Amino acid sequence: MKLYNTLTRSVEEIQPLHTPKVTMYTCGPTVYDYPHVGNWFTFIRYDVLVRTLAAVGLQPEWVMNITDVGHLVSDADEGEDKLEKGARREGKSAWDVAKFYGDYFVAGLSRVNISQPTHLPKATDHIQEQIDLVKQLEEKGFTYQISDGVYYDTAKFPRYADFARLDLDEQQAGARVEHNPEKRNATDFALWKFSPQGSQRDMEWDSPWGKGFPGWHLECSAMGMKYLGETMDIHAGGIDHLPVHHTNEIAQSEAVTGKPLSRHWMHTNHITVNGEKISKSLGNGITLEDIEQKGFSLTAFRLHVLESHYRSQSKFSWESLEAASNRLRDYQALADLRFQVVTADRQLTELDYEQYKQDIQAALSDDLNTPEALRIVSLIANERHDSIHHTEYDAFMEFLQYLDDVLGLKLLESSDITDDQKKLIARRQTARDNKDWAASDKIRGELSKQGLSVRDTAHGTIWYRS
RNA sequence: GGCGCCAUGGCGGAGUGGUUACGCAGAGGUCUGCAAAACCUUGUACACCGGUUCGAAUCCGGUUGGUGCCUCCA
């Protein structure tokens, strides 16, 4: 299994520390609002990685955090985090907001068929671990305290700029966010923020340094190391996390342990809608509900995600979602052939499903080349559209199961048509044998109303869902 | 201002130094009771300008355009 590693900027073989177990941490959502399609792109891509790891015989232990506190907003209203802001917007407490959107997110995972992570830890459930981490950093001399919080001194970590290959001197020039002038270095970041004086936050905790809340980089280090140990095999996140969040995670984790936080770093690229990044102000934050309201299935959306490579900046549009939806219908028709097995004397050319499976596995194992994997599936859908011969039934079923395991397109979730529908199809066949075209066409109309189309092939009538 | 990334046929989107990616959509045809499907044919795809090479869409340089990040963000 090869995967691009941001550490070395090259595609590398994944070699877990304790094969067959492979530990993986992915940066999850901040639960202050509905996730948009871009977020789901990323989460689905994590899922493809997990599924592929499992398919090549590894046993993934997957941690995805839920950030329910601590991210500062970019606006001038300093000291307030997104949860608090969301709470004020909705007239609820920050705790209520976090609960609502956290639950929504977890439910959404199964809606787009993302595997259940081994752990879904929340930042607010790990305050003590985060405080402990700050204490250790303090003992090792990496921290200093100013008026609004305890900060990490990035100058004490010489490798700070290496991971993201930052040019610290140059990039300060155009930074658009104002820094607290008390900070020693522009890149220094808060480990613990104090509650603003005279105001009560919904979310605040006591600490050795005063009442407040953890800085937002802290949770991933604390929870990652708690569940996966000091060095994990894979750490993944959105590409936006590379220069700041992950850079800071490495700084604060490795300063304490002296060991690499992760052996492999994966970054998923962002998508654009109408050529622009997704953002609230542009009003292009499409949600799963929007997709369903337009009549598309979330499985079609999932297929759309797989149609591009995770490292390229892909586009989302309703046109391409429709293309994916049509493509999925073809795949579904392929899967439905398992209900329409023929035992005709005439032998079909048997397909080498094992070979196809290996080809797909090879594509996915090569830095998650999902477009190539789908190319192969389409190849088979084009090849095997007439019938499945009973002699290849087992191999076919095994192949479909493999596809579902690795791509998660729910091809085996469809059920057979009803007995009544089967009788209709049989009656139509009889009518056709008698050249009673009027009766035959009438039955075809009835089936059509039930969402079934029929094709008359050399191997009999094949139905498919329209 | 700094650091990146990308430019592929109507749309989406892979890939490769010389061979049809693929998907969706379109056109013509064969077949079929009619359909549908399938099959065949078809659009002369790789931003522009140079360079390297026997040969580049694929490597190098430049130009143009787009886009992302620079402590909110998947």
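Everything numeric here is computed off the predicted structure, so don't read it as measured data. So that the names make sense, note that chain A is the first sequence line, chain B the second, and so on, each numbered from 1.
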* ring pair (Phe, Tyr, Trp, His ring centres under 6.0 Å) evaluation trace for A:H246 with A:H235 -> CA-CA 9 Å; A:H246 290 162; A:H235 190 131; 4.8 Å; yes
Once you round it to whole Å, what is the distance between [atom2] of [N] and [atom1] of [X]?
{"X": "A:R432", "N": "B:C34", "atom1": "CZ", "atom2": "P", "result": "11 Å"}
{"X": "A:E249", "N": "B:C73", "atom1": "CD", "atom2": "P", "result": "12 Å"}
{"X": "A:L321", "N": "B:A25", "atom1": "CG", "atom2": "C1'", "result": "15 Å"}
{"X": "A:D240", "N": "B:G68", "atom1": "CG", "atom2": "P", "result": "13 Å"}
{"X": "A:L306", "N": "B:A21", "atom1": "CG", "atom2": "P", "result": "23 Å"}
{"X": "A:E383", "N": "B:A37", "atom1": "CD", "atom2": "C1'", "result": "15 Å"}
{"X": "A:R165", "N": "B:C3", "atom1": "CZ", "atom2": "C1'", "result": "12 Å"}
{"X": "A:L337", "N": "B:A37", "atom1": "CG", "atom2": "C1'", "result": "12 Å"}

Would you call the rings of [X] and [Y] parallel, tilted or perpendicular, taking 30° and 60° as the class edges?
{"X": "A:Y34", "Y": "A:Y104", "result": "perpendicular"}
{"X": "A:Y152", "Y": "A:F189", "result": "parallel"}
{"X": "A:Y46", "Y": "A:F43", "result": "tilted"}

* Asked: Below 4.0 angstrom from OP1 or OP2 of B:A14, is there any side-chain N or O of A:N369?
  ->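 No, outside the criterion.
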* Can you check whether A:N382 has a side-chain N or O nearer than 4.0 Å to OP1 or OP2 of B:A37? ->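 So the side chain of A:N382 is outside the cut-off, no N or O lying under 4.0 Å from OP1 or OP2 of B:A37.
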* **Test item: A:T6 side-chain N/O and A:W265 main-chain N/O as donor-acceptor pair under 3.5 Å** =>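 Pair found, side chain donor or acceptor close to backbone of A:W265.
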* **Between A:H270 and A:D240: side-chain donor-acceptor atoms closer than 3.5 Å** =>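 Per modelled atom types, A:H270 and A:D240 side chains form a pair under 3.5 Å.
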* Are A:D359 and A:Q355 linked by a side-chain donor-acceptor pair shorter than 3.5 Å? ->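 Result is yes, a qualifying pair exists.
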* Asked: Any ion pair linking A:K156 and A:D188 (charged N to carboxylate O, less than 4.0 Å)?
  ->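 No, this pair does not count.
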* **Salt bridge A:E292-A:R111, side-chain N to carboxylate O under 4.0 Å** =>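 So A:E292 pairs with A:R111 through a salt bridge.
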* **Polar side-chain contact A:N326-B:G23 base: donor and acceptor under 3.5 Å** =>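 Side chain to base: no pair below 3.5 Å.
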* Has the side chain of A:R444 got a donor or acceptor atom sitting under 3.5 Å from an opposite partner on the base of B:A36? ->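 Under the 3.5 Å cut-off, the side chain and the base do not form any donor-acceptor pair.
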* For RNA chain B, which residues in residues 446-457 of chain A have a heavy atom at a distance below 4.0 Å? ->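 Within this stretch, A:V454, A:R455, A:D456 sit under 4.0 Å of the strand.
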* Listed in order of residue number, which residues of residues 101-124 of chain A have a non-hydrogen atom at under 4.0 Å from RNA chain B? ->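 Nothing qualifies; none.
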* Are any non-hydrogen side-chain atoms of A:Y151 and A:Q145 less than 4.5 angstrom apart? ->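 No, every pair of side-chain atoms sits at 4.5 Å or beyond.
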* **Within residues 301-316 of chain A or reaching into it, pairs that qualify as salt bridge (Lys or Arg N to Asp or Glu O under 4.0 Å) - sequence neighbours excluded** =>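 Sorted pair list: A:D47-A:R302, A:E307-A:R327, A:R311-A:D367.
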Could you let me know what [N] is paired to, Watson-Crick or G-U wobble, both distances under 3.5 Å, or none if it's on its own?
{"N": "B:C39", "answer": "B:G29"}
{"N": "B:C69", "answer": "B:G2"}
{"N": "B:C59", "answer": "B:G51"}

* Which residues pass the salt bridge (charged side-chain N to carboxylate O under 4.0 Å, His left out) test with A:R159, sequence neighbours left out? ->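 A:R159: salt bridge (charged side-chain N to carboxylate O under 4.0 Å, His left out) contacts with A:E254.
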* If you measure from the P atom in B:U16 to the same atom in B:C72, how many Å do you get, rounded? ->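 One P to the other, the span is 37 Å.
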* Asked: If you measure from the C1' atom in B:C11 to the same atom in B:G4, how many Å do you get, rounded?
  ->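 That atom pair is separated by 27 Å.
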* Asked: Which residues satisfy the side chain to side chain contact (heavy atoms under 4.5 Å, CB included) test with A:Q116, sequence neighbours excluded?
  ->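 Here the qualifying residues are A:L120.
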* To do: Starting at the 5' end of nucleotides 8-13 of chain B, put B wherever the base has a protein heavy atom under 4.0 Å, S where only the sugar-phosphate does, and a dash everywhere else.
  => ----SS
* How is A:L374 classified with respect to the nucleic acid when contacts are heavy atoms under 4.0 Å: base, sugar-phosphate, or nothing? ->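 It contacts nothing in the nucleic acid.
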